[in-house]
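Here is the structure we will look at.
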Amino acid sequence: MFDVQFITHFTASISYSDSARIALEGGCRWVQLRMKDASSEELKATAVQVQELCRQYGATFIIDDHVELVKQIGADGVHLGKLDMPIKEARERLGKDFIIGGTANTFEDIRQHAADGADYIGCGPFRFTTTKQKLSPILGLDGYHSILTQMREEGITIPVVAIGGITREDIPSLKASGLNGIALSGGILKAENPVREMETIIRLTQ
Ligand SMILES: Cc1ncc(COP(=O)(O)OP(=O)(O)O)c(N)n1
Ligand SMILES: Cc1ncsc1CCOP(=O)(O)O
Ligand SMILES: [Mg+2]
């Protein structure tokens with residue numbers, strides 16, 4: 001199984017909930033609402049909308065950054081970065097029935113997140129991307145190979161998805177590298193036909 005996680009982001013032409021709908025119509029079954037700089041009211045209203053869409057499609061629904069909102073509306077989980085609530089604290093607040101994802105740029109990040117109780121890792125950036133402002137050092141395939149080798153050597157088996165500027169052309173090499181999946185945003189939303197693009201990506205990851 002090679003997972004595909006769609007991450008929403010702001011575009012002038014596609015709303016957050018429409019972008020989630022596009023991903024779901026294209027066959028994606030794991031959606032993350034990443035909505036920066038929104039008011040808490042706007043974020044909650046959008047989260048409830050996207051949660052309902054995910055329910056209709058039987059998809060997993062994750063919210064970026066906001067642990068309390070995840071608990072409040074009963075989303076499936078949260079994704080936490082280095083500047084967000086520590087994973088250990090989020091696990092204490094959410095308990096074992098919620099998915100907690102953690103951001104990693106190095107093997108040491110992954111080792112710490114696994115020890116703190118994360119369920120999966122978003123590891124990147126694979127290449128440069130404008131979707132996220134403050135990027136960590138670019139990893140590339142060599143970076144993933146090095147990290148996955150260290151994980152094998154230490155017997156760390158937490159699922160790792162690649163993220164950062166990923167497009168359909170990258171899927172064969174990312175699949176072959178031993179990663180567990182990908183997370184992407186712009187590669188779908190910037191496509192001429194985003195639903196078709198997601199369908200192609202899902203087919204390539206089977
Ligand atoms: C799957 C996945 N991986 C990494 C990230 C990045 O999250 P974070 O470090 O919290 O950065 P922001 O998304 O908050 O800018 C992610 N959201 N999802
Ligand atoms: C949230 C995030 N974290 C590292 S890169 C990234 C952006 C992913 O979006 P895209 O697939 O458009 O590069
Ligand atoms: Mg974050």
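Both counts, for ligands and for their atoms, begin at 1 and track the order of listing. Just so it is clear, the structure is predicted and the values come from calculations on it, not from any experiment.
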Tell me, which residues have any heavy atom less than 4.0 Å from some atom of ligand 2?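 Those residues closer than 4.0 Å to ligand 2 by some heavy atom are R34, T129, T131, K132, I163, G164, G165, L184, S185, G186.
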
Inspect the contact between [Y] and [X] and indicate whether a charged nitrogen and a carboxylate oxygen are less than 4.0 angstrom apart.
X: R93; Y: E68; value: yes
X: K88; Y: E92; value: no
X: R29; Y: D3; value: no
X: R34; Y: D65; value: no
X: R91; Y: D119; value: yes

Starting from [atom], find the nearest protein heavy-atom neighbour and note its residue, name and distance.
atom: atom 16 (C) of ligand 1; value: H79 CD2, 3.3 Å
atom: atom 15 (O) of ligand 1; value: R34 NH2, 2.8 Å
atom: atom 18 (N) of ligand 1; value: Q32 NE2, 3.0 Å
atom: atom 11 (O) of ligand 1; value: K132 NZ, 2.5 Å
atom: atom 9 (O) of ligand 1; value: T103 OG1, 2.9 Å

Below 3.5 Å, N or O to N or O, backbone or side chain included: is there any such pair between [X] and ligand 1?
X: G81; result: yes
X: Y120; result: no
X: K82; result: no
X: K36; result: yes

Could you check whether any heavy atom of Q133 sits closer than 4.0 Å to an atom of ligand 1, since that is the contact criterion I want to use?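 Distance cut 4.0 Å: Q133 fails for ligand 1.
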
Stepwise ring-ring contact (aromatic ring centres under 6.0 Å, His included) check, Y120 with H79: CA-CA 9 Å; Y120 78 91; H79 190 90; 5.5 Å; yes

D84, N/O/S atom nearest the Mg ion (ligand 3):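 For D84, the N/O/S atom sitting closest to the Mg ion (ligand 3) is OD2.
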
Find, among atoms of D65 that are N, O or S, the one nearest to the Mg ion (ligand 3), and state its name.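 In D65, the N, O or S atom with the shortest distance to the Mg ion (ligand 3) is OD1.
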
Output, in order, the C-alpha distance, side-chain angles, deciding distance and verdict of ring-ring contact (aromatic ring centres under 6.0 Å, His included) for W30 and Y57. CA-CA 10 Å; W30 185 1; Y57 282 85; over 10 Å; no

Show me which atoms of ligand 1 lie under 4.0 Å from any heavy atom of D84.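 Those of ligand 1 that fall under 4.0 Å from D84 are 10 (O).
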
With a cut-off of 4.0 Å, which atoms of ligand 1 are near a heavy atom of D65?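 Atoms satisfying the 4.0 Å criterion: 10 (O), 14 (O).
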
Would you say K44 has more than 12 foreign heavy atoms packed within less than 6.0 Å of its NZ?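 No, NZ of K44 has 12 or fewer neighbouring heavy atoms, counting only those of other groups under 6.0 Å.
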
Keeping the roles fixed (side chain from N105, backbone from P137), state whether a donor-acceptor pair exists under 3.5 Å.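 Yes; at least one donor-acceptor contact below 3.5 Å.
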
Could you pull out the closest heavy-atom pair between A104 and I110, with the gap in Å?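 Minimum heavy-atom contact is CB-CG1, 3.5 Å.
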
Between [X] and [Y], is any pair of side-chain heavy atoms under 4.5 Å apart?
X: I100; Y: H113; value: no
X: V78; Y: D64; value: no
X: Q32; Y: I63; value: no

Report the part of L83 in contact with ligand 1, treating N, CA, C, O as backbone and CB onward as side chain, heavy atoms under 4.0 Å; options are side chain, backbone, both, neither.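 The answer is neither; L83 stays 4.0 Å or more away.
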
